[in-house]
Amino acid sequence: MTWFTNLGRTAVAAIFLAAGVSVPNLAVADDLTPLFERLKNVDATEYMPIEQRIWREWSKSGSPSLDLLLERGDKALEAGEFARAIEHFTALTDHAPEFAQGFHARARAYYEADLYGPALADLERAIALEPRHFGALSGLAVIFEELGMEDAALELYYAVRAIHPHRENLSDHIDRLEKATAGKRL
């Protein structure tokens with residue numbers, strides 16, 4: 001199971017990131033660093049504009065044509081047209097293999113189509129390209145939890161909290177998994 005081995009590396013990278021340890025050979029958009037610092041340090045009532053700005057920046061591929069593919073894929077996904085969304089996002093990732101948001105978007109479409117293997121692979125790629133991608137880390141945690149990998153899911157949610165402590169429903173996920181895994185850890 002190659003994807004599981006790779007996901008283990010992704011989870012380790014996420015944990016290193018949460019601990020403040022640099023992860024070598026991962027691309028990071030340095031222009032977003034000030035936004036991520038603000039996101040960590042604002043109170044719960046002020047995070048939304050910063051989060052929205054990060055999402056907007058992540059959604060810029062650098063090409064109007066590629067941005068249109070992302071937009072069309074998002075619309076197809078919202079309409080429940082998962083196969084069409086996957087087609088748009090695949091065209092996007094084929095033409096922009098360094099665009100993390102393209103892989104995150106396609107992972108969402110694969111997940112909605114109950115295609116967990118491809119979703120996991122795309123989440124791994126998105127995180128490799130942007131280790132601070134709290135959306136991809138959260139998505140990976142959701143899938144790990146659904147696969148019964150509660151400890152790994154909890155570690156990923158901790159990684160998300162280190163990046164974006166006010167992420168919607170994050171505390172609920174952590175509380176639930178801490179209770180579910182209590183007594184399992186030595």
Side-chain angles (χ1 to χ4, degrees), residues 7 9-24 26-62 67 70-71 73-75 77-78 98-109 111-112 119-120 122-146 149-185:
L7 286 173
R9 279 182 264 176
T10 300
V12 169
I15 293 164
F16 282 145
L17 182 67
V21 177
S22 66
V23 180
L26 296 177
V28 174
D30 289 334
D31 57 327
L32 294 179
T33 299
L35 289 174
F36 279 102
E37 287 303 316
R38 287 180 47 210
L39 189 62
K40 279 188 220 178
N41 297 309
V42 298
D43 67 39
T45 63
E46 299 174 343
Y47 79 89
M48 188 58 76
I50 299 166
E51 178 185 307
Q52 290 171 344
R53 173 103 185 268
I54 291 169
W55 281 112
R56 278 193 307 273
E57 292 302 315
W58 278 342
S59 295
K60 294 178 183 176
S61 69
D67 290 348
L70 180 63
E71 182 182 324
D74 283 339
K75 286 182 180 176
L77 188 58
E78 288 172 19
E98 301 302 314
F99 183 46
Q101 187 57 21
F103 288 96
H104 177 251
R106 189 170 68 177
R108 290 183 6 248
Y111 174 82
E112 292 296 333
L120 290 166
D122 277 359
L123 290 169
E124 176 187 6
R125 180 71 176 143
I127 294 165
L129 292 167
E130 174 52 89
R132 302 169 297 188
H133 201 301
F134 47 80
L137 289 165
S138 297
L140 190 57
V142 167
I143 293 174
F144 276 9
E145 188 173 358
E146 288 182 16
M149 301 168 62
E150 293 173 330
D151 289 323
L154 181 58
E155 292 302 318
L156 286 163
Y157 283 127
Y158 288 151
V160 172
R161 183 172 61 189
I163 298 164
H164 185 350
H166 304 296
R167 179 102 165 115
E168 188 175 352
N169 300 320
L170 181 62
S171 295
D172 295 337
H173 291 298
I174 290 173
D175 291 345
R176 184 184 67 256
L177 285 172
E178 284 178 339
K179 289 174 185 166
T181 60
K184 292 182 183 179
R185 296 173 185 219

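Since we're looking at a predicted model, the values are computed, not measured. Both backbone and side-chain heavy atoms feed into the values below; hydrogens, waters and symmetry mates do not.
- Nearest heavy-atom pair across P131 and I163 is O-CD1, 3.9 Å.
- Heavy atoms of other residues, nucleotides or ligands lying less than 6.0 angstrom from CZ of R38 number 12 at most.
- To the nearest 0.5 Å, atoms NZ (K179) and CG (L154) are separated by 13.0 Å.
- With respect to the salt-bridge test (charged N to carboxylate O, under 4.0 angstrom), the residues R125 and E130 do not qualify.
- To the nearest 0.5 Å, atom NE2 of residue H133 and atom CG of residue L140 are 12.5 Å apart.
- No more than 12 heavy-atom neighbours from other residues, nucleotides or ligands sit within 6.0 angstrom of CD on E168.
- What you find for P165 and L170 is that their closest heavy atoms are O-CD2, 4.2 Å.
- One finds the CG atom of D151 at 11.0 Å from the CG atom of L156 (value rounded to the nearest 0.5 Å).
- Looking at every heavy atom in both residues, G62 comes nearest to D67 through N-OD1, 4.2 Å.
- Atom CG of L70 and atom CZ of F99 lie 5.0 Å apart (nearest 0.5 Å).
- Of all heavy-atom pairs spanning A141 and A153, the tightest one is O-CB, 3.4 Å.
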- Query: Please walk me through it: do V142 and Y157 pass side chain to side chain contact (heavy atoms under 4.5 Å, CB included)?
  - Reply: CA-CA 9 Å; V142 167; Y157 283 127; 3.4 Å; yes

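- With salt bridges taken as basic N to acidic carboxylate O contacts below 4.0 Å, none links K75 and E78.
- Scanning both residues, E112 and L77, for their nearest heavy atoms gives CG-CD1, 4.1 Å.
- Taking 4.0 Å as the cut-off between side-chain N and carboxylate O, D122 and R108 do not count as a salt-bridged pair.
- How far OG1 of T33 is from CG of D31: 7.5 Å, rounded to the nearest 0.5 Å.
- Using cut-offs of 30° and 60° on the angle between ring planes, the pair F134 and W58 is tilted.
- In this structure, OH in Y158 is found 8.5 Å from CG in L177, a value given to the nearest 0.5 Å.
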- Message: If you apply the rule side chain to side chain contact (heavy atoms under 4.5 Å, CB included), what do you find for L120 with F144, and how did you get there?
- Response: CA-CA 9 Å; L120 290 166; F144 276 9; 4.2 Å; yes

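- Checking side-chain atoms of H166 against main-chain N and O of V42 turns up a donor-acceptor pair under 3.5 Å.
- Shown here for R167 and S138, the closest heavy-atom pair between the two residues is NE-OG, 3.3 Å.
- Using a 4.5 Å heavy-atom cutoff, the side chains of Q101 and W55 are in contact.
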